2 protein chains.
Amino acid sequence: MSEEEKGGTAWRSLGEFIRAQRELANLSMRQLAEIAKISNPYLSQVERGLYKPSADVLKSIANALQISAETMYAQAGLLDDSKGEAGSHHGVEHAIKIDPQLTVDQKEALIRIYRSFTSKG
Amino acid sequence: MSEEEKGGTAWRSLGEFIRAQRELANLSMRQLAEIAKISNPYLSQVERGLYKPSADVLKSIANALQISAETMYAQAGLLDDSKGEAGSHHGVEHAIKIDPQLTVDQKEALIRIYRSFTSKG
DNA sequence: GCTGTGCGCTAAGTATACCAAGCACCTGCT
DNA sequence: AGCAGGTGCTTGGTATACTTAGCGCACAGC
C-alpha cells in the first residue's frame, strides 16, 4: 500500500534515505559509488535494503553526499535517540527561523511553503 | 595523523578503549558480553583489535558500558571528519534534506527557493 | 540497421564479522 | 590430591558485508 500516501517519504529504511539523498544530489549510482569508494552493485543492494552497510561505509557515503555522519547513523538507527535532531518536525522551521541570512519576509515565505507541503495532501 | 594529537587521553585503538572502560566498570568479559548480547570470544577479539565491530555491536557495547554511542563512534574513528556541513550555512538545507515528511521533489523546490534567497542577500 | 556508452540490477565469488564449543590457567574449597 | 567455578584465549564454522564480471535496457552517433 501506499508508500507516498502520507504526503512524504517516511523512510522505511536506510536504503531509501540514501537513495533519496543521492537523487537529491543528482548523482548516479556509479558516480556515488565511485566517490564513496564502494562498488556500484553493492550500493544498489544497500539502497534496496538487502544489506546494511558497515559503519565506515556509512560514513564514506555520508561524506560523499555531504551530509554528516551523525545524520547518517541517526537514520540507520545506530545512535541512541537521545539526540533528537532529526526526529522533531519543527526542525526545518526552526532552522529557517534562526538562519541569519534570511529576512523576515523570506522566512515567512519559506515556512508557508514548508507548511503547505507538510499539512496533509 | 595520529589520534594522539586530539588532546587528552589517547587510546591506541578502539579495543583498548573498550577494555579500559570495561575494567573501569568492573565487568568481566563474559559479563559485558552478556549485557551487550555478543559472545565473549568475540569481545576478546575486539578488545585485542583483531576485528572491528559493526556499528550496532558498537552501539550495544556502548549501551552496556553506559557511555554514549557517539563517544564510541568517535573512538572508532567513524565520526571524526565529515565536516560536510558542520561549520557551513547548511542548517536549513540540512534540515530540509532529512525531513521525512517531504518528498524529494518538495525538498528540491524548498532548497532551490532557499538558495535563491541566500545567493543574493 | 549496428555500435558504443550510460543506467540499474543479477550472479557468483571472496573477505570478514560474529558465534558455539572447548582449552589452559588460576583460586578456593573439601 | 582432587573438583567446581572463575578468568581470558583459540579453534572451526556460519552468516553477511562487499567485490568483480556480466546481463538487459535506453539513448546517442555512424
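Each chain gets a letter, A, B and so on, in the order the sequences are listed, and its residues count up from 1. All values derive from a computational prediction rather than experimental measurement.
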Practice problem: Send over the distance from B:Arg19 CZ to D:dT7 P, rounded to a whole Å. | Solution: 14 Å

Exercise. Write down the atom of B:Pro53, the atom of B:Tyr51, and the distance for their closest heavy-atom approach.
Key: CD-O, 3.5 Å

Self-check item: Atom pair distance, as rounded to whole Å: CD1 in A:Ile38 and P in D:dA17
Solution: 13 Å

Quiz item: So does B:Arg30 get a side-chain nitrogen or oxygen closer than 4.0 Å to the phosphate oxygens (OP1/OP2) of C:dA20?
Solution: no

Quiz item: Distance check: side-chain N/O of A:Ser54 vs OP1/OP2 of D:dA17, anything under 4.0 Å?
Solution: no

Quiz prompt | A:Glu93 and A:Arg115: CA distance, side-chain angles, deciding distance, salt bridge (Lys or Arg N to Asp or Glu O under 4.0 Å) verdict | solution = CA-CA 9 Å; A:Glu93 292 194 17; A:Arg115 286 191 177 152; 3.0 Å; yes

Exercise. Report yes if at least one side-chain N or O of A:Arg22 is closer than 4.0 Å to OP1 or OP2 of C:dG8; otherwise report no.
Key: yes

Practice problem: Mark yes when over 12 heavy atoms from residues, nucleotides or ligands other than B:Glu108 sit less than 6.0 Å from its CD; otherwise mark no. | Solution: yes

Quiz item: Hey, is A:Arg22 close enough to A:Glu47 for a salt bridge, meaning N to O under 4.0 Å?
Solution: yes

Practice problem: Starting at atom CE of A:Met29, determine the distance to atom P of C:dT5, rounded to an integer number of angstrom. | Solution: 22 Å

Quiz item: Mapping B:Pro53 and B:Pro41 to their closest nucleotides on DNA chain C, which lands nearer the 5' end?
Solution: B:Pro53

Practice problem: Round to the nearest Å and state the distance from A:Ile61 atom CD1 to D:dA17 atom C1'. | Solution: 12 Å

Quiz prompt | Closest contact, heavy atoms only, B:Tyr73 versus A:Leu78 | solution = OH-O, 2.7 Å

Quiz item: D:dA17 P sits how many Å from A:Gln45 CD, rounded?
Solution: 10 Å

Quiz item: Would you say D:dT20 has OP1 or OP2 under 4.0 Å from some side-chain N or O of A:Ser39?
Solution: no

Quiz item: Could you give the CD-to-C1' distance, from B:Glu23 to D:dT7, as a whole number of Å?
Solution: 12 Å

Exercise. To the nearest Å, give me how far apart CG (B:Leu50) and P (C:dT16) are.
Key: 13 Å

Self-check item: Residue whose closest nucleotide on DNA chain D lies nearer the 5' end, A:Leu43 versus B:Tyr51
Solution: B:Tyr51

Quiz item: Base, sugar-phosphate, or nothing: which does B:Val46 touch, judged by heavy atoms less than 4.0 Å apart?
Solution: nothing

Quiz item: Whole-Å distance between C:dT10 C1' and A:Asn40 CG?
Solution: 12 Å

